[in-house]
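The structure appears right after this line, and notes come after that.
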Amino acid sequence: MPLNTTSVPKESMKALKFEEFKKEVLSDYRTAWISRQASLIGRKEVLTGKAKFGIFGDGKEIPQLAMARAFAAGDIRSGYYRDQTFMLAKGLTSIRQFFAQLYAHPSLESEPASGGRLMNGHFSTRFLDDQGHWRALSEELHSTCDISPTAGQMGRALGIAYASKLYRNHPTLSNSTPFSRGGREISFATIGNASTSEGHFWETLNAAAVLQVPLFISIWDDEYGISVPARYQTAKENLSSLLSGFQTEPHRPGIKLYTLRGWDYPALCAAYQEAAQDMRQSHMPVVFHITELTQPQGHSTSGSHERYKSNERLEWERQHDGIVKMRAWMLEAGMATEAEIAVIEEEGLQYTKAEQRAAYQEFRREIDAMASETTGALSDLAQQTTQIAPEVGTHLQSIRQNKEPLRRDLVSALRSSILAARNHPSDARHRVQALLKKFSEQHQTLFSSHLYSQSAQSTQNHRPIPAVYSDKSVTINGYEVLNMAFSDILKREPAFFAIGEDVGKIGDVNQGFAGLQEIYGENRVTDTGIREMSIVGQGLGAAMRGLRPLAEIQYLDYLLYALQILSDDLATLHYRTVGGQKAPLIVRTRGHRLEGIWHSGSPMGMILHSIRGILLLVPRNMVQAVGFYNMLLACDEPAVVIESLNGYRLKERVPENLLEFTLAPGIPEVLRAGTDLTLITYGSCCRMAIEAAERLLELGIDVEVIDVQSLIPFDTEHRLVASIRKTNRFIIVDEDVPGGASSYIYQQVMEVQQAYFYLDSPGRTLTAREHRPAYGSDGDYFSKPSVDDMVEAVYSMMSEADSNLFPPVL
Ligand SMILES: Cc1ncc(C[n+]2csc(CCOP(=O)(O)OP(=O)(O)O)c2C)c(N)n1
């Protein structure tokens, strides 16, 4: 099958006046040259110890110039660490910012991509203003924020592209939004050849081809993944040949595939522009397989490529270096003379050096100011403590001798000095303490802000609207409660849509969306393939463009397939951009107790510990779930909501204001008041805990049952300890493994809420067994905590406390 071949763009050469074209070419060459100098200088900065690690885009410059030419207002890049030339070409980063990131400068003014939180080469633009409000994305150029896990950008890139499709087809949003102009925007993704070995790549590509969304993937192929050559990475060592099966055929839309050589500047420019122009209309995904790329300095500053590349390969790379090739072409095509190019190169080198120096000076400025404050405060203390705490003088000395201390050196000296001078309660020591406090507050903001939303729409600011019940309140099945609510949400919130396996035609496996596709159309309630990672990616990217997706993972057990994107991308997005980007995605799933190893899991510890940055809500029934969905749609944070798998056919009383009422996250609810012991639980265990409490009452034990409801955030008002204060005993029950989510709750209760002050018995946990739940009702009984287990656990705790009243029975 013939693949597109490269050719000099005669048409565009003609179309542009030669002089104008020449100017653009020279400007491109300057960008590539500067980018290369930045890579060379960057490596030196690392090797001389000014920066910790460096990974650069040398060898990948030329196709990025071409990609930049096709990239227009509203388009969004999702790429990886090699794309500095593209970012520079579009003005989305500057050389100074590039170096600020290399030095990990924790300042948004100097390093707007991540405020020093990400290693170098991890690019990003600010989608949000300082208040957390959206900027007019359709009028600007943007890049989502890069992550290091290879191919981790693919799911998000799919979602960015999917939003274009939704905006185009949306009856009301298509032209009246700051996010889109008729869905013409392209999602540009870049990926290294070796990273296409990841399933994420193929899953995304297949999904894009099925969905027919404007995803433009460029593969930078330099034939290696660190040291591992293509023969270990790619079948037949030929990505184009593998990808060719995805190509569009008559009446069978797939993708468009181009194979181009990475040093062929004119051919690349022509092809990128042609493909992008076409894609804005057709929405057909495109893959550019860019071959014959090089990596002049090797993979990163961590190693040298001479260790694994042959001399022949190294020589080939020198000859096929894109910059060398572009330079030769410019001379041959009469774009510039040797002398003109030499001027560009010298000026570019000096410019890069000057910007690098300025970035370093900016990076040092704040720390140097801190250092002089630190030495000032410590020298006062040192003078007064020469006899009793000579260590203070030593700490002072070591800071003075360190020409380029880091923040941690200063803070560490302050902390050690305060301890050393602990017996010297002078003003000088208090001044040191005050300074440390000031620095700590600054560092809290610099290094730990924005894990969760800090905008006015943050869930922390949410004021719940309580559920209202009356004599008229009806009782219906759990799934019908959800169905009523989702129907209303689809009506009132045009940006809301739901996707997932079996969500469309049958309205999800438990009928929460039953009948709603028929009413609201396929774009609002949509079936997807079985591909959990990219379902989340589809939602994540769309949420980054102002839509309000609900992405469904059919069963909690299958969240594992999506855990990487949830943990690495969604959970870190707001934090790693210091509030510059957000994705208020709702991930809906159902779990806990049902039947069998892969439909009864409750791996809550695994989830809890990997998704800090995302809310984790565990409603005990569907009314509570609706309260959370209503709240989430009024706020701007991502959440995982786990409905109880065995609750859809249970009857629930529906509040009068089901469609308006909201729950605030982080607020446990007392389900049953009691005086003897606090039983803390959530999800499916709540009903069982109530049953256990009723049986315990017959044994003379009055248990308070509390539903935690929300694991992240967790009991922000410390209601649990308030209960324990009264009962002086607690047991935590959940369906996770021993030491799983129950230990998280235990740490919250004992350490954060300091419940140990009020305990008459040691707190304990009652969990599932270590193994996955065996099948059937017996399997459940002997694997998960049962009502009998709960009754016995409580009884034995009471018996230990008063064996006369509660004689031991076991
Ligand atoms: C999931 C994952 N596995 C391994 C790594 C370590 N790693 C970083 S880059 C890289 C090679 C990537 O090669 P390629 O995709 O060809 O891109 P290149 O760096 O050559 O441009 C590896 C293995 C990683 N970052 N993420």
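In each ligand, atom 1 is the first atom listed, and ligand 1 is the first ligand listed. For clarity, every value in this text was computed on a predicted model and none was experimentally measured.
Aromatic ring orientation, Phe98 versus Phe123: parallel (interplanar angle below 30°, classes split at 30° and 60°).
Taking every non-hydrogen atom of Asn193 and a distance limit under 4.0 Å, the qualifying atoms of ligand 1 come out as 15 (O), 16 (O). Counting the atoms of ligand 1 from 1 in the order shown, those under 4.0 Å from a heavy atom of Arg82 are 18 (P), 19 (O), 21 (O). Counting the atoms of ligand 1 from 1 in the order shown, those under 4.0 Å from a heavy atom of Gln295 are 18 (P), 20 (O), 21 (O). Using a 4.0 Å cut-off to heavy atoms of Asp222, the atoms of ligand 1 that qualify are 20 (O). Residue-ligand proximity, His299 to ligand 1, at heavy-atom distances under 4.0 Å covers atoms 9 (S), 10 (C), 11 (C), 19 (O). Numbered from 1 in the order shown, with element, the atoms of ligand 1 that lie under 4.0 Å from a heavy atom of Gly192 read 14 (P), 15 (O), 16 (O), 17 (O). Each of the following atoms of ligand 1 lies closer than 4.0 Å to a heavy atom of Pro149: 26 (N).
Between Arg576 and Asp569 there is a salt bridge, with a side-chain nitrogen of the basic residue lying less than 4.0 Å from a carboxylate oxygen of the acidic one. Looking at Asp321 and Arg36, a side-chain N of the basic residue comes within less than 4.0 Å of a carboxylate O on the acidic one, giving a salt bridge. With salt bridges taken as basic N to acidic carboxylate O contacts below 4.0 Å, none links Glu203 and Arg531.
Atom 7 (N) of ligand 1 has its closest protein heavy atom at Ile226 CD1, 4.0 Å. Nearest protein heavy-atom neighbour of atom 13 (O) of ligand 1: Gly225 CA, 3.4 Å. Looking at atom 21 (O) of ligand 1, its nearest protein heavy atom turns out to be Tyr80 OH, 2.7 Å. Atom 25 (N) of ligand 1 has its closest protein heavy atom at Ser148 O, 3.1 Å.
Contacts of Ser195 with ligand 1, taken as heavy-atom pairs under 4.0 Å, involve both backbone and side chain. Contact annotation: for Ile191 versus ligand 1, there are no heavy atoms closer than 4.0 Å.
With Ala194, Ser227, Gly121 as candidates, the residue nearest to atom 14 (P) of ligand 1 on a non-hydrogen basis is Ala194. Nearest to atom 12 (C) of ligand 1 by heavy atom, out of Tyr224, Trp220, Phe56, Tyr81, is Tyr81.
Side chains of Ser114 and Glu111: a donor-acceptor N/O pair is present below 3.5 angstrom, by distance only. Inspection of the Ser35 and Glu61 side chains reveals no N or O donor paired with an N or O acceptor under 3.5 Å. Gln153 and Thr144 are not linked by any side-chain donor-acceptor pair at a separation below 3.5 angstrom, with hydrogens and angles left out of the test.
Remark: ligand 1 and Thr150 share an N or O pair separated by less than 3.5 Å (distance only, no angle test). Ligand 1 has no nitrogen or oxygen under 3.5 angstrom from a nitrogen or oxygen of Glu198.
Residues Leu88 and Ile95 share a closest heavy-atom pair of CD2-N, 3.7 Å.
A ring-centre distance under 6.0 Å is not found for His574 and Tyr452. Ring centroids of Phe71 and Phe86 are separated by less than 6.0 Å, placing the two rings close together.
At distances below 3.5 Å, at least one donor-acceptor pair connects side-chain atoms of Ser610 with backbone N or O atoms of Met606.
Atom CG of Asn120 sits about 8.0 Å away from atom OG1 of Thr301, to the nearest 0.5 Å.
Using a 4.0 Å threshold on non-hydrogen atoms, atom 10 (C) of ligand 1 counts as touching the protein.
Not close to ligand 1: Gln233, with no non-hydrogen atom less than 4.0 angstrom away.
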